[in-house]
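One structure is given below, encoded as C-alpha cells.
Chain letters run A, B, ... following the sequence lines, proteins first, then strands; residues in each count from 1.
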Protein chains: 2
Amino acid sequence: MGDGLPFGAALIVNMEKNSPKYLELVKWIQQQIETKELQPGQKMYSENKLKDMFGVSRQTVRHAISVLENEGLIRRVQGSGTYINDNRLANLEKRTRVSVVTTYVDGYIFPRTIQGIENVLFEQGYSVQIAFTNNLNSRERTILEDIINRDEVAGIIMETTKSGIPNPNLHLYQEIRKRRIPIIFINSYYPLLKIPHVSINDRMAGRRVTRHLISMGHKKIGGIFKLDDGQGHLRYAGYVDAMNEAGLDIDDTKILWVDTEDVKHLEKSREKLLDRVAGCTGLFCYNDEVAFSLIEILKKEGIHVPEDISLASVDDSELAVLGDVQLTSVPHPMEHLGEKAAENLLKMIKDPTFDGTYEFDINIIQRDSVRKFK
Amino acid sequence: MGDGLPFGAALIVNMEKNSPKYLELVKWIQQQIETKELQPGQKMYSENKLKDMFGVSRQTVRHAISVLENEGLIRRVQGSGTYINDNRLANLEKRTRVSVVTTYVDGYIFPRTIQGIENVLFEQGYSVQIAFTNNLNSRERTILEDIINRDEVAGIIMETTKSGIPNPNLHLYQEIRKRRIPIIFINSYYPLLKIPHVSINDRMAGRRVTRHLISMGHKKIGGIFKLDDGQGHLRYAGYVDAMNEAGLDIDDTKILWVDTEDVKHLEKSREKLLDRVAGCTGLFCYNDEVAFSLIEILKKEGIHVPEDISLASVDDSELAVLGDVQLTSVPHPMEHLGEKAAENLLKMIKDPTFDGTYEFDINIIQRDSVRKFK
DNA sequence: TTGTACATCTTGTACGTACAAATTCGCAAG
DNA sequence: CTTGCGAATTTGTACGTACAAGATGTACAA
C-alpha cells in the first residue's frame, strides 16, 4: 500500500516541537483517532509499519503505543494487532450511577418518588446520587456544573427549578445534551427544550378538577396557582380550558398566583386569599398543601368547607385524608412516577434515540371538600 | 550496603513460576510494599540496583517499574529515584462521595435529615449517594457489599436495619472498618460495634416522657414500643428508669411491643391495643405516628384523648400538630441530626481517630394530649 | 468440502548499548 | 557558614538485536 502521506504528516509533526519522538508519535496517533482517520474497532498500523513510516526504532513505537494503551485509547492483541478502542463503550455505558436532582424535599411526594426511583435503579445495578437545589437557580447551576465537570454519571433525573420562569441555566442543559448524557425531567419541564419528561398531565389535571366543580353546579370558580412552576401554568391552562368549554367567565380577580415560598406560609397571604375567595362558590387549589392550609385559615374566619365554599386540589397526598375535611383531589403517581422516570432513563441509556416522555392519566378522588351547589 | 538477602528472595520467586521475568519482579515489589518492607514515601531500589539484584537487564527492570507506576503504586522522579506512593492519600482522601443508607423513607423525619446531610456535604464539595434497605437485612447486605466492592466512597452515613434484633451483616461492618472507610450510624446503633453514632438520647427520651406523665399525676402508665429497633429498646429502658425512680410498678400486660410493619397498620393490632390501654391513665407512644393512629382508633371506640387517657410520644413531627389533639412530644432534631452526622463524618474523614458520636439533648413540648390526673 | 500443517505477520519478552536530563551530594572557594 | 561547581547517581529517551508466542490466511491433503 502507498504510504507517502503519513510520511509527510509525521515529519511535520516531528519538526514542530522539541519533545521526545515517542510523544510526537502519541500525539500523531491521538490526532488520527480524533479526526476519525482511525475508526473505533479498526486495526491500527502495525509496529513495524509505524517504525518504517516514522523512521524510528520499534522500541520507540512500542513506548508510544504503551502510553496510549494505558490511557485506554487502544488495545493490543498479541499475534493479531493493535486496535482502536470504542470510547463510548469504555465510558458512558460502563457507568452505573444516576444523579437525581430535586428542588425541595417536601414531606409527601418526594420521599415516595425517590423511593420509586431508587428501587428500579438498584434492581438494575445502578446507584443513586442525590442533590437538592433548594429551588435556587444558583444552586442548580453549581450542581449541574459539578455533574458535568465530574463526568461520571450514566444519566440524570431532574426536577426543574422554578420551571415557570425563565431559567438562566439553559446553556448547561445544552452542554449535557452535547455530551449525550441522558436526562429526563420529572413533574415539570421546559417545553422549549426537547428534553423528555415524566409527569402527570397537568393541563388535564387542571381541566379535570375544574370540570368536576362545574359538574357539581359551581359557576363562580376561582383558583390558586403556582407562578414559579410550570405545573402551575399548565394547571391554570387546564382551568381555562374547562371554564371556556362550559361557557363560564374567568374572573381575573378570583385568581391568586403564589410562589413556592408563599405556599409554605400561606397565612401571610391571608388578606389576598380572603379577597379571592369572596364571591366564589368553588376554588381550584394548586395542591393539597394549599388546600389544607386554606381550610385552616378559612375556619378561623368562620368560613367552612364545603358548606360555604367547595375546593378541590391535586396530589391526593397524606394531607388529603389527614384533616377534618377530607379533600377531593387528583392523585399524584408518586413512586409510580419515580419508577417510570427511572425505567425510561434506563431505556434512554441503552438506546439514545428512545423518547422517555410519559404523562400519567388523570382521575379524581371525590371526598368531602366539594358539595353540590344548587 | 549488603544485598545478600534480596538475592535469595528474588531467586526463589523467579523459580516459582514460568511467567515473564518482569512480572515476577512486579510481584516481588508488590510483596515488598504489602509486607511494609518498603514504606510509603520511601525511596525504592534504583533500577541498576534491581538489575544487579535479579540479574536481569535494566530494560526489564524498567518494564516492571512502569507497570507498577501505571497502577499508581510507585512514582518515578528523574534524577532522584523511584518512590513508594502513599496509597491512602491517593485513594481515600481524594474521594468526594458519601453514601447514605437508610431504611424506609418515612414522610417526616427522613426528608429533613437527608436535607441536613446534603446541605453540609454539598457545601464541602461532597456528593451524596443514597440507598434504601426497605428494612430488609438481605437488601442491607447487598447494599453494603456493593459499597465495599466498588470501593469509591469517602464515608458512610447509615441508618441501621432492625437494630433491635441481631444483625446477620456484622461481618460487613467489620470489613468496612478494616478498610478504614469512616462510617457513622444515625438514629439507632449497635452498642456492641464500636461505631460512632449521632442520635437523640433515646433512653433519656423514654425517661423524660414517662417522668412527664408521672409528674402530671399518672400512676398506671403503659407503653407501646418498637421491638425490631434499638431505639425502641432504649426508650423502654428509659421508661423503666422513670417508673423505678418513682417507685411505680411496671405491669408487663400494659406494654405492647410492635414492629416496623405493625406501626404502618396499627388498626390491625386493635384488640391488643385496647387490651393494653384498658386500666391505664397514661401511655408512652413510641413515636408520633403511633400516637396519631392510636388517637384515631381510640376515638372510634369512644375513648378520648386526653379526657379518658393521656398519651405522649417522641418526634414532634408534623403529625404532632396536624390532628384534633395536638401531641405532647419530644422533638427529633431532624435536619440538625443530619447536619451533625455529616459534620462529624467529615471530621472522621480528616482525622480517623476522631470519635463522631453525638447524642442530642432531650426536651419536651407540652400540648394537649396529656392532662392532669387527680 | 473439510481439516491440517505451514508460512507469515503480529505483538511480547529480553538483552545490550549509548547518551540526555534531572537530582543529589561532596568539596572547594569565597 | 554559605555558595557554586562538578562528579556521581538516577531516571528518561533511543537505537539495535534476537527469539517467543499468538493469530491468520493459504496451500495441500483427506
Side-chain angles (χ1 to χ4, degrees), chain A residues 1 3 6 10-11 13-30 32 38 41-85, chain B residues 1-3 6 10-11 13-29 32 38 41-85:
Chain A
M1 313 154 199
D3 51 354
L11 282 170
V13 173
N14 220 344
M15 293 292 111
E16 271 176 20
K17 293 196 179 178
N18 194 15
S19 72
K21 292 183 186 177
Y22 82 98
L23 281 182
E24 289 301 319
L25 229 173
V26 165
K27 255 189 239 168
W28 183 82
I29 296 173
Q30 278 177 335
Q32 295 287 306
L38 292 168
Q42 194 186 329
K43 190 186 267 193
M44 250 263 291
Y45 306 106
S46 75
E47 292 176 0
N48 279 319
K49 187 81 196 293
L50 287 169
K51 170 185 96 136
D52 294 338
M53 277 162 65
F54 287 84
V56 295
S57 74
R58 188 178 152 226
Q59 300 313 313
T60 303
V61 172
R62 282 184 64 73
H63 193 172
I65 288 178
S66 81
V67 169
L68 292 163
E69 193 182 28
N70 280 319
E71 285 179 5
L73 265 83
I74 60 176
R75 179 177 75 255
R76 293 200 272 196
V77 182
Q78 184 175 1
S80 176
T82 305
Y83 302 85
I84 315 297
N85 268 339
Chain B
M1 315 153 198
D3 51 354
L11 282 171
V13 173
N14 220 344
M15 291 292 112
E16 271 176 19
K17 293 194 179 179
N18 192 15
S19 72
K21 291 184 186 176
Y22 82 98
L23 282 181
E24 290 300 319
L25 228 173
V26 166
K27 255 190 240 168
W28 184 81
I29 297 173
Q32 295 287 305
L38 292 167
Q42 192 185 329
K43 190 187 268 193
M44 251 263 293
Y45 304 107
S46 77
E47 292 176 359
N48 280 317
K49 187 80 195 294
L50 286 169
K51 172 186 94 130
D52 295 337
M53 277 163 64
F54 288 84
V56 296
S57 74
R58 189 179 151 224
Q59 301 312 314
T60 303
V61 172
R62 283 184 63 73
H63 192 172
I65 287 179
S66 80
V67 169
L68 291 164
E69 193 182 28
N70 281 318
E71 285 179 6
L73 266 83
I74 59 176
R75 177 177 75 257
R76 293 198 274 195
V77 182
Q78 185 175 1
S80 175
T82 304
Y83 302 86
I84 314 297
N85 267 340

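Both A:L23 and A:Y83 lie near DNA chain D, and the one whose nearest nucleotide falls closer to the 5' end is A:L23.
Remark: B:R76 CZ to B:E47 CD distance equals 6.0 Å, nearest 0.5 Å. To the nearest 0.5 Å, atoms CZ (A:F54) and OH (A:Y45) are separated by 8.5 Å. Taken to the nearest 0.5 Å, the CG atom of A:L68 stands 8.5 Å off from the CG atom of A:L25. Atoms OG and CZ, on B:S46 and B:R58 in that order, are 9.0 Å from each other to the nearest 0.5 Å.
The distance from atom NZ of A:K51 to atom P of C:dG12 is 16 Å, rounded to the nearest whole Å. Between the CZ atom of B:R76 and the P atom of C:dT23 there is a distance of 15 Å, rounded to whole Å.
The pair A:E24-A:K27 counts as a salt bridge, with a side-chain nitrogen and a carboxylate oxygen less than 4.0 angstrom apart.
Using modelled atom types and a 3.5 Å distance limit, the side chains of B:Q59 and A:Q59 yield no donor-acceptor pair.
In summary, contact between chain A and DNA chain D, defined as any nucleotide atom under 4.0 Å from a heavy atom of the protein, begins and ends at D:dT13 to D:dT24 in the 5' to 3' direction.
The nearest pair of heavy atoms linking B:A64 to B:Y22 is CB-O, 3.4 Å.
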Polar-atom pairs under 3.5 Å, protein N or O versus N or O of nucleotides 7-10 of chain C: list them with distances, or write none.
residue: C:dT10; atom: O2; partner: A:G79; partner atom: N; Å: 3.3

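With respect to A:V67, the side-chain contact (heavy atoms from CB on, under 4.5 Å) criterion is satisfied by exactly one of A:I29, A:V26, A:I74: A:V26.
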